[in-house]
> 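This is the structure I want to talk about, given as structure tokens.
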Amino acid sequence: MQRQAASMKRNLFHQDYLDEQFNELEELQDDDNPNFVEEVVNLFFTDSVRLIRNVDLALANEPCDFGRLDDLMHQFKGSSSRCKRAFQGVKQEYATLKTKLDAYFQVAREDS
């Protein structure tokens, strides 16, 4: 299981879903808080659901309030996009990342 988790993590880095900040988060994890990284990631996903919903609502309004979209995208820590198609790509990447990290955390928990 440990090798499988390590392989999954390497693949997430290779596919650019993770970066050095993920390693930095893992360094903050200790015996007192063994699920720290997973908790941080889950908070990100919880906040992201709200932000994605708000962006969807903002895009549905005509005329589109690009100032509001810009604020939401900055909150999402992504690049600001004024294009519905680009935002659909962000939503797809979000779903893919969540699925991959959920699988990683499940394997990592089983290893513990």
Side-chain angles (χ1 to χ4, degrees):
M1 285 291 181
Q2 190 173 19
R3 284 195 341 226
Q4 184 180 1
S7 175
M8 290 174 79
K9 182 179 168 184
R10 276 192 307 276
N11 284 335
L12 290 169
F13 272 95
H14 179 71
Q15 295 169 359
D16 291 328
Y17 287 109
L18 299 179
D19 60 18
E20 188 56 37
Q21 287 182 334
F22 189 83
N23 287 333
E24 291 171 8
L25 279 176
E26 285 187 321
E27 289 174 11
L28 298 174
Q29 192 162 276
D30 58 21
D31 291 337
D32 292 334
N33 197 358
N35 298 321
F36 176 75
V37 176
E38 186 173 3
E39 291 170 12
V40 169
V41 168
N42 284 332
L43 284 173
F44 167 77
F45 287 131
T46 299
D47 288 345
S48 296
V49 167
R50 178 185 54 80
L51 289 169
I52 287 171
R53 184 179 58 246
N54 289 341
V55 170
D56 266 338
L57 290 171
L59 287 171
N61 290 331
E62 295 292 333
C64 195
D65 181 351
F66 291 112
R68 173 84 173 127
L69 280 175
D70 193 48
D71 289 344
L72 290 167
M73 296 304 285
H74 283 291
Q75 288 177 35
F76 196 54
K77 302 269 186 208
S79 61
S80 179
S81 173
R82 297 173 194 252
C83 174
K84 290 181 183 183
R85 184 172 169 206
F87 179 67
Q88 295 302 322
V90 169
K91 286 186 358 182
Q92 180 61 44
E93 288 294 320
Y94 162 83
T96 301
L97 175 61
K98 183 172 185 342
T99 299
K100 289 177 180 281
L101 283 174
D102 284 346
Y104 167 73
F105 286 127
Q106 182 177 356
V107 170
R109 271 195 312 272
E110 292 174 4
D111 186 49
S112 301

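Remember, predicted model here, so these are calculated numbers, not experimental data.
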> List for me each residue that meets side chain to side chain contact (heavy atoms under 4.5 Å, CB included) alongside Q2, sequence neighbours excluded, and say none if there are none.
D111
> Quick one: pull up CG in D56 and CG in L51 and give me the separation to the nearest 0.5 Å.
11.5 Å
> Report the residues that fulfil side chain to side chain donor-acceptor pair (under 3.5 Å) with E24, sequence neighbours left out, ordered by chain and then residue number.
none
> Cluster question for you: counting only ILVMFWY and a side-chain heavy-atom cut-off of under 4.5 Å, with indirect links fine, are F66 and L57 together?
no
> Heavy atoms only: give me the nearest C64-L59 pair and the separation to one decimal.
SG-CD2, 4.1 Å
> Which atoms form the tightest heavy-atom contact between V55 and L69, and what is the distance?
CG1-CD2, 3.9 Å
> Distance from M1 atom CE to Q106 atom CD, nearest 0.5 Å?
8.5 Å
> For the atom pair CG (N54) and CG (D71), what is the distance rounded to the nearest 0.5 Å?
11.5 Å
> Out of curiosity, L72 CG to I52 CD1, how far, rounded to the nearest 0.5 Å?
11.0 Å
> Just by modelled atom types, is the F105 backbone N or O under 3.5 Å from a matching donor or acceptor in the E38 side chain?
no
> Is V49 reachable from L43 through a run of I, L, V, M, F, W or Y residues, each pair having side-chain heavy atoms under 4.5 Å apart?
no
> Main chain of R68, side chain of D65: is a donor-acceptor contact present, judged purely on distance under 3.5 Å?
yes
> Report the residues that fulfil side chain to side chain contact (heavy atoms under 4.5 Å, CB included) with N33, sequence neighbours left out, ordered by chain and then residue number.
D30, F36, E39
> What residues, two or more places apart in sequence or in another chain, satisfy side chain to side chain contact (heavy atoms under 4.5 Å, CB included) together with K98?
F45, Y94, D102
> Taking distance alone, no hydrogens or angles, what donor-acceptor pairs closer than 3.5 Å link side-chain atoms of residues 10-17 to residues at least two apart or in another chain?
residue, atom, partner, partner atom, Å
N11, ND2, S7, O, 3.4
Q15, OE1, K100, NZ, 3.2

